[in-house]
Structure formats: structure tokens, C-alpha cells
J.: 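This structure is in C-alpha cells; I'll ask about it shortly.
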Amino acid sequence: MNIDSLVRNNVKNMSSYSSARDDFKNDYDNKLIYLDANESPFDNGINRYPNNNHIKLKKVVSNIKNVNINEVVFGNGTDEILDLIVRVFCNPNKDQIITLPPTYGMYDVIAKTNGVENIEIPLTSDFSINKNEILKLSSSKIKVLFLCSPNNPTGNSFDTNDLNDLIKGFKGIVVVDEAYIDFSSQESLISLINDNNNLIITQTMSKAFGMAGARLGMGFSNEKIIYYLNKIKPPYNLNVLTERKALDELNKIDKIKKNIALILNEKKLLISCLEKLDFVEKIHESDANFLLVKVDNADLRYDQLLKKGVVVRNRSNQPLCQNCLRITIGTKNDNNSLIKTLNEL
Ligand SMILES: *Cc1c(COP(=O)(O)O)cnc(C)c1O
């Protein structure tokens, strides 16, 4: 696929922001005196602008993910990367994206913010992809297909063959949002970025890595696409504190793996407790750190839980999710409180 021809002309023709520190190569041995960026000279750990390359963090992340340094882009959360993708490829008031509801709400918000039409191809009743419907659509205006696997809010991973067929068959950029991949029994599709030049994988430090408050999203793709995303990215989108914290956390991979195992075990226990409740009608298969649970009356159960101090997400108004609550797996204590409260209803 010719990626350049998919990129917006204004993005191709512009030059990116050049910061003070881009003006020279820092290969001097002596310590430099920085009088170039109008920063405060008083050292408090954060008085300097972040280095836009994030080379330390990129090294660690690319090593863990088994990609090249030039195949990674960081965002202020995945949400920013998703927005960058739309802005690189979609001309406002002209181009379109495809999403598969019920899915993550930000794709639609980002499209609309950018004046881009969102073509919705709903999942089938068993939450699988309507592959033929998607491949049937053919228009050079449809630039990006957003796939979320494991999918939020349904919790299931999509069939690997379906994902592969779409990556190969769709005539535009395919984004696979792997926000929940660390909880999944399926493997990440990161290794496919070298064989498919239209593929972007996004992952996040917000879920399994416990850094939702710090905002760090990661995009993985071939060098060309990463180049364009970096070109329009705000230069200081990843702040110094977040980068430092991420390096800390990535140093404790064993702790994170242990936490993931705990969550998965808690998920099993929670399922067995939920199954015993007579107002629970269906617990959907989950490959993530949450359960989509169909109850007799989602609005009622949501309010009852809230009054007793337990907040879940009511997804009842989403297509195919009538009377469904989305419940995040918490700590053992959280989950015990949830079960105790549900038993009281
Ligand atoms: C939580 C979530 C994200 C994460 O977004 P961040 O901006 O990285 O916090 C991305 N995609 C999906 C589907 C999610 O559920």
C-alpha cells in the first residue's frame, strides 16, 4: 500500500516544530549551560523542557515490545495517538473512518472533533466482526479502520483470522487498539507491523501498568507512519514526571505480571459468584480486566449499587448491550464488597 498517498497534503508539506534543543547536536563532553529555551535556571527536577526524543524510555519500551526505536511513538495517553492518526490521514469534511460499535467511545469523539465522518458497522450479536460488510465498503475517502481487541465494552478478543483478513484486505490504515492486551490470552499483533505497512498498534500504560493518572500511550508501526505521527505531535506531549515514573514501573515488570495474574484470578472468582445471582442473566466472555454482565434491569441495579457505594459502568444504552453493566475487576477487597453488596440486593 502507498502510505504517502493516504497522508493529508498539509501534513506532507509542513515542517514540524523545531525546539531550541533541536538546533544543535549534544555530543560535547562538557556540561552545557542552557540559555536557549527561556526556562527557569533553578533546578527543581522539572525546570527543563522534556527531551522530545524520549530515547531512554523508547529503548526500554522497544526492547520489551521487540520493535525498533523508530517504530514507537508516545502520546499523552492512547487518546492522543488516536487523535494524531486521524489528523495525519483524514481530511476534515471529506474523509471517513470505520468503527465497530459497541466499542470505545473516543474513536467517534475524535472523528467528530476533526470533522471526520464515522461509518459504524456494528458487531454481530455474538460480538464478532462483520468482516464482509467492512470489506464491501470501498471508497478512497475511508482512511482508517479502528479495531479494538480485546474490545471495550464487550471484553472479547476478535478472531485472529478476521483481524488478519482486515489488515490485509482493508484499503487504508488499520488501527488495532490493544489497551487490554496484557490481560488477554491472545498475542499482540505488534509483530505484524513489519509485514503490513498499513498497520498501527496502540497500547497503553493506563490499565495493566497502573498509570492511568500519568497519561502514557504507545503507538507501534513502521518507520514511515511513525515519522508522520511524530511530525504533527506536540513536542512536549510526554512530560518529565510521566517519563520518569514509566521508567520506574517498567523496571518492576515482575510486580506488574503478578498484579495481572491476581486480576485474572479475581476475575474467575467474581464470575463464579456472579453466576449464582438470580438477576444476572449473562456474563459475557472476557479477555480483559472487566466483565460485561447482563442483568434484569441495568438502570435499577446501577442505582442500587451506587447508593451502597459501588460504582460500575452502565452500558445499557450501547448497541447490543441492553441491560449490561461493565464491571472492572478490583482488588480482592473491592470484589468482596461488590459481591456482598450484590447479595444484599
Ligand atoms: C482505556 C482505553 C484506552 C486507554 O486510553 P489512555 O488514553 O491510554 O488512557 C484506549 N483504548 C481503549 C479501548 C480503552 O478502553
Side-chain angles (χ1 to χ4, degrees), residues 54 57 61 65 72-87 97-111 113-114 118 120 122-123 127 129 144-158 163 173-184 186 188-190 199-221 229 233-234 237-239 241-243 245-246 249-250 256 259-260 263 267 284 286-292 311-315 318-321 324-330:
H54 305 291
L57 187 58
V61 168
K65 303 294 178 184
V72 185
V73 62
F74 294 128
N76 191 302
T78 312
D79 291 346
E80 185 179 50
I81 296 178
L82 300 171
D83 184 65
L84 291 175
I85 294 168
V86 169
R87 285 196 285 147
I97 63 160
I98 299 178
T99 63
L100 319 183
T103 192
Y104 187 45
M106 278 306 285
Y107 311 136
D108 186 63
V109 171
I110 288 167
T113 308
N114 287 293
N118 176 17
E120 300 190 319
L123 298 175
F127 298 149
I129 301 178
V144 187
L145 166 63
F146 284 99
L147 305 169
C148 184
S149 186
N151 187 41
N152 178 8
T154 57
N156 60 307
S157 290
F158 293 132
L163 292 172
I173 301 297
V174 177
V175 177
V176 182
D177 182 343
E178 295 187 335
Y180 299 97
I181 196 67
D182 304 293
F183 302 102
S184 172
Q186 287 199 11
S188 164
L189 299 187
I190 275 193
L199 175 63
I200 304 174
I201 306 288
T202 60
Q203 294 185 5
T204 180
M205 298 283 288
S206 293
K207 308 285 158 59
F209 285 78
M211 284 183 51
R215 317 303 301 128
L216 177 53
M218 302 172 283
F220 305 98
S221 187
L229 295 172
K233 175 181 87 60
N237 64 332
L238 175 51
N239 73 74
L241 297 175
T242 295
E243 181 171 18
K245 184 71 183 162
E249 291 298 312
L250 289 169
I256 286 157
N259 285 346
I260 292 171
I263 295 286
K267 180 163 80 171
H284 290 280
S286 166
D287 218 12
N289 66 334
F290 59 84
L291 294 169
L292 188 71
V311 199
V312 297
R313 190 93 202 261
N314 187 354
R315 296 280 75 187
Q318 297 292 300
L320 305 172
C321 296
C324 284
L325 300 174
R326 193 192 67 192
I327 305 176
T328 309
I329 313 298

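Every number for a ligand or one of its atoms is a count from 1 in the order of the listing.
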J.: Has the side chain of Asn76 got a donor or acceptor atom that lies under 3.5 Å from a matching backbone atom of Asn237?
T.: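 Yes: the side chain of Asn76 pairs with the backbone of Asn237.
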
J.: Determine whether the aromatic ring centres of Tyr180 and Phe290 lie less than 6.0 Å apart.
T.: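 So the answer is yes for these two rings.
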
J.: For Pro153, is there any backbone N or O sitting under 3.5 Å from a side-chain donor or acceptor partner on Gln318?
T.: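 Judged by distance alone, no pair lies under 3.5 Å.
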
J.: Return yes if some donor-acceptor pair links the side-chain N/O of Lys233 with the main-chain N/O of Ile81 below 3.5 Å, else return no.
T.: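 Answer holds: no.
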
J.: Judged by atom type as modelled, is there a donor-acceptor pair below 3.5 Å linking the side chain of Ser149 to the main-chain atoms of Asn151?
T.: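 Such a contact is absent between Ser149 side chain and Asn151 backbone.
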
J.: What does the contact table look like for ligand 1 (nitrogen or oxygen on each side, cut-off under 3.5 Å)?
T.:
| residue | atom | partner | partner atom | Å |
| --- | --- | --- | --- | --- |
| ligand 1 | 7 (O) | Thr78 | N | 3.0 |
| ligand 1 | 7 (O) | Asp79 | N | 3.1 |
| ligand 1 | 7 (O) | Arg215 | NH2 | 2.6 |
| ligand 1 | 8 (O) | Thr78 | N | 2.7 |
| ligand 1 | 8 (O) | Thr78 | OG1 | 2.7 |
| ligand 1 | 8 (O) | Thr204 | OG1 | 2.6 |
| ligand 1 | 8 (O) | Ser206 | OG | 3.4 |
| ligand 1 | 9 (O) | Ser206 | OG | 2.6 |
| ligand 1 | 9 (O) | Arg215 | NH1 | 2.8 |
| ligand 1 | 9 (O) | Arg215 | NH2 | 3.3 |
| ligand 1 | 11 (N) | Asp177 | OD1 | 3.3 |
| ligand 1 | 11 (N) | Asp177 | OD2 | 2.7 |
| ligand 1 | 15 (O) | Asn152 | ND2 | 2.8 |
| ligand 1 | 15 (O) | Tyr180 | OH | 2.7 |
| ligand 1 | 15 (O) | Lys207 | NZ | 3.3 |

J.: Is Ser221 reaching over with its side chain to a backbone N or O of Leu199, donor-acceptor style, under 3.5 angstrom?
T.: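 Yes, Ser221 side chain to Leu199 backbone: donor-acceptor pair under 3.5 Å.
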
